[in-house]
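Take a look at the structure set out below.
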Amino acid sequence: MAKKADKTVKKVGILFGMEDTFPWAFIDKVNEMGNGEVVAEAVNIDKCEQGADSGYAVIIDRISQDVPFYRAYLKNAAVSGTYVINNPFWWSADEKFLNNALMTKIGIPLPNTVLLPSNDRPTNTTETSFRNLKFPQDWEYIFEYIGFPAYMKPHDGGGWKNVYRVENPEDMWEKLKETEQLVMMLQEEIIFDDYYRVYCLGKKYVHIMPYEPRNPHHLRYVTESKYSGQKLKDILKVIHDYTLKMNEHLGYDFNTVEFAVKDGIPYAIDFCNPAPDADKNSVGEENFAWIVEHSAKLAIEKAKEYVPGKVNISWGDFVKNSAK
């Protein structure tokens, strides 16, 4: 007779694509730290039935932003009780410009930012579709508010795709043509003294990394803080506290936040990275060891808290406070 599966063992799955260092190290670390009570594996999907239990207490999502089937699968799993990191419902609703708007409400310093209408009309629209949009926009105000040089980037993009540095209005118009139907943000350039990228896990574990975005990708973490002594301690404390505050508001359990420091003030530049780079070859051995250990620790914590039949995902303060 076949032996029945031990229902007390909680399963953690990781859903991923082309990345090949973090997922396997994460699986090994969970299996090492789980003491047989929590086990991890690569998610294996042979069917997706509506309302059916996925079999996982926790799933770490690293790929659904690129695969709509996976996003739908994760929402179905969440409805059935799986704790999905990150919340697929909020991730579907979220975007960079929304994040900026939310951060203005909790006092986080940001570059001045505006939303631009797309250069090309969306498919299946006509001039009449835009009767509520004033042409021309108030470009005099916009350009004075933002200043030049500036950065132009998709309002819901990531991975440094379609990011432009623009020198003046004429340069902006030319580069905007390349973006076609993308909706772009125009953002003030912060001439920074120092720059940091910060892992935040579970809205409680924080790891601050000196970062140089102007370096080639594989060398961006090969840098050091430009400040020292008490000044550096003060800056890092502010970055730590801002990072927790931002992720508590957004509700992300696995995110990175980027800060540009100008005159000792950390400005939040990018904070919508729910599947952030965790590749050993780019983040380096020390940062890789931290993210593997703490992501495994978080997954095990959530697996042990898992209650069958209960919706176990979490929401950020913005949504929770709005629902009161």
Side-chain angles (χ1 to χ4, degrees), residues 12 14-33 40 42 60-63 65-66 85-86 153 157-161 163 190 192-229 231-244 246-247 252-262 266-301:
V12 171
I14 182 165
L15 192 65
F16 61 102
M18 292 182 287
E19 64 176 335
D20 227 11
T21 57
F22 172 72
W24 305 115
F26 168 81
I27 289 170
D28 289 344
K29 182 60 70 172
V30 171
N31 288 332
E32 173 194 325
M33 297 172 63
I60 303 281
D61 174 20
R62 303 285 295 163
I63 188 61
Q65 72 276 9
D66 295 327
I85 300 173
N86 285 292
K153 60 183 76 170
W160 290 82
K161 297 176 183 177
V163 176
I190 301 295
F192 57 86
D193 311 313
D194 213 352
Y195 203 98
Y196 296 89
R197 200 161 207 245
V198 188
Y199 280 127
C200 186
L201 294 180
K203 302 181 281 290
K204 59 182 177 180
Y205 301 125
V206 174
H207 182 61
I208 302 173
M209 302 169 285
Y211 187 75
E212 178 46 81
R214 295 166 295 198
N215 282 350
H217 191 268
H218 68 290
L219 295 175
R220 289 180 181 173
Y221 294 91
V222 185
T223 186
E224 296 180 355
S225 299
K226 308 302 186 295
Y227 292 88
S228 61
K231 186 68 174 177
L232 176 59
K233 290 180 182 179
D234 292 344
I235 289 171
L236 295 182
K237 176 68 164 58
V238 171
I239 288 174
H240 176 276
D241 293 350
Y242 279 171
T243 297
L244 289 177
M246 294 164 77
N247 282 281
Y252 282 129
D253 282 310
F254 197 142
N255 195 12
T256 53
V257 180
E258 294 182 17
F259 291 94
V261 181
K262 178 182 179 182
Y267 290 83
I269 301 296
D270 190 34
F271 33 92
C272 180
N273 296 291
D277 182 14
D279 180 61
K280 181 169 63 174
N281 299 310
S282 61
V283 304
E285 292 281 356
E286 182 180 342
N287 296 327
F288 183 73
W290 188 94
I291 194 64
V292 168
E293 179 177 350
H294 286 80
S295 59
K297 185 176 181 180
L298 174 64
I300 291 168
E301 290 171 357

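The model shown is predicted, which means the values in this text are computed figures rather than measured ones.
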To the nearest 0.5 Å, tell me how far [X] [atom1] sits from [Y] [atom2].
X: Glu19; Y: Asn281; atom1: CD; atom2: CG; value: 11.5 Å
X: Asn31; Y: Ile300; atom1: CG; atom2: CD1; value: 8.5 Å
X: Asn247; Y: Asn255; atom1: CG; atom2: CG; value: 4.5 Å
X: Ile60; Y: Phe254; atom1: CD1; atom2: CZ; value: 6.5 Å
X: Ile291; Y: Met209; atom1: CD1; atom2: CE; value: 7.5 Å
X: Asp194; Y: Lys231; atom1: CG; atom2: NZ; value: 11.5 Å

Any heavy-atom pair between the side chains of [Y] and [X] that's under 4.5 Å?
X: Ser225; Y: Tyr196; answer: yes
X: Phe192; Y: Pro213; answer: yes
X: Phe22; Y: Asp279; answer: no
X: Thr243; Y: Phe259; answer: yes
X: Asn273; Y: Arg197; answer: yes
X: Asp61; Y: Asn86; answer: no
X: Tyr227; Y: Asp193; answer: yes
X: Val206; Y: Tyr242; answer: no

Quiz item: Should the ring pair Trp24 and Phe16 be called parallel, tilted or perpendicular, given that the plane angle runs from 0 to 90° and is split at 30 and 60?
Solution: perpendicular
Self-check item: His294 and Trp290 aromatic ring geometry - parallel, tilted or perpendicular at 30°/60° bounds
Solution: parallel
Quiz prompt | Asp253 with Lys203: basic N within carboxylate O range, under 4.0 Å | solution = yes
Grab the two heavy atoms, one from [X] and one from [Y], that are nearest each other, plus how far apart they are.
X: Ser295; Y: Leu201; value: N-CD1, 3.4 Å
X: Ile208; Y: Leu236; value: CD1-O, 3.6 Å
X: Ala278; Y: Thr21; value: O-OG1, 4.1 Å
X: Pro266; Y: Val238; value: CG-CG1, 3.8 Å
X: Ala260; Y: Ile190; value: CB-CG2, 4.1 Å
X: Pro276; Y: Arg62; value: O-NH2, 2.7 Å

Quiz item: Does Arg220 count as lying over the ring of Tyr195, i.e. NZ or CZ under 6.0 Å from the six-ring centre, within 45 degrees of the axis?
Solution: no
Quiz prompt | From CA spacing to verdict: side chain to side chain contact (heavy atoms under 4.5 Å, CB included), Tyr221, Asn287 | solution = CA-CA 9 Å; Tyr221 294 91; Asn287 296 327; 3.9 Å; yes
Quiz prompt | Derivation of the side chain to side chain contact (heavy atoms under 4.5 Å, CB included) call for Val261 and Ile235 | solution = CA-CA 8 Å; Val261 181; Ile235 289 171; 4.1 Å; yes
Quiz item: Does a sphere of radius 6.0 Å around NZ in Lys233 hold more than 12 heavy atoms from other residues, nucleotides or ligands, not counting ones at 6.0 Å or beyond?
Solution: no
Exercise. Before giving the answer on side chain to side chain contact (heavy atoms under 4.5 Å, CB included), spell out for Asp270 and Lys153 the whole-Å C-alpha distance, their side-chain angles and the decisive distance to 0.1 Å.
Key: CA-CA 11 Å; Asp270 190 34; Lys153 60 183 76 170; 5.7 Å; no
Quiz item: Should Tyr252 and Cys200 be marked as a side chain to side chain contact (heavy atoms under 4.5 Å, CB included) after you check the CA-CA gap, both sets of side-chain angles, and the distance that decides it?
Solution: CA-CA 8 Å; Tyr252 282 129; Cys200 186; over 6 Å; no
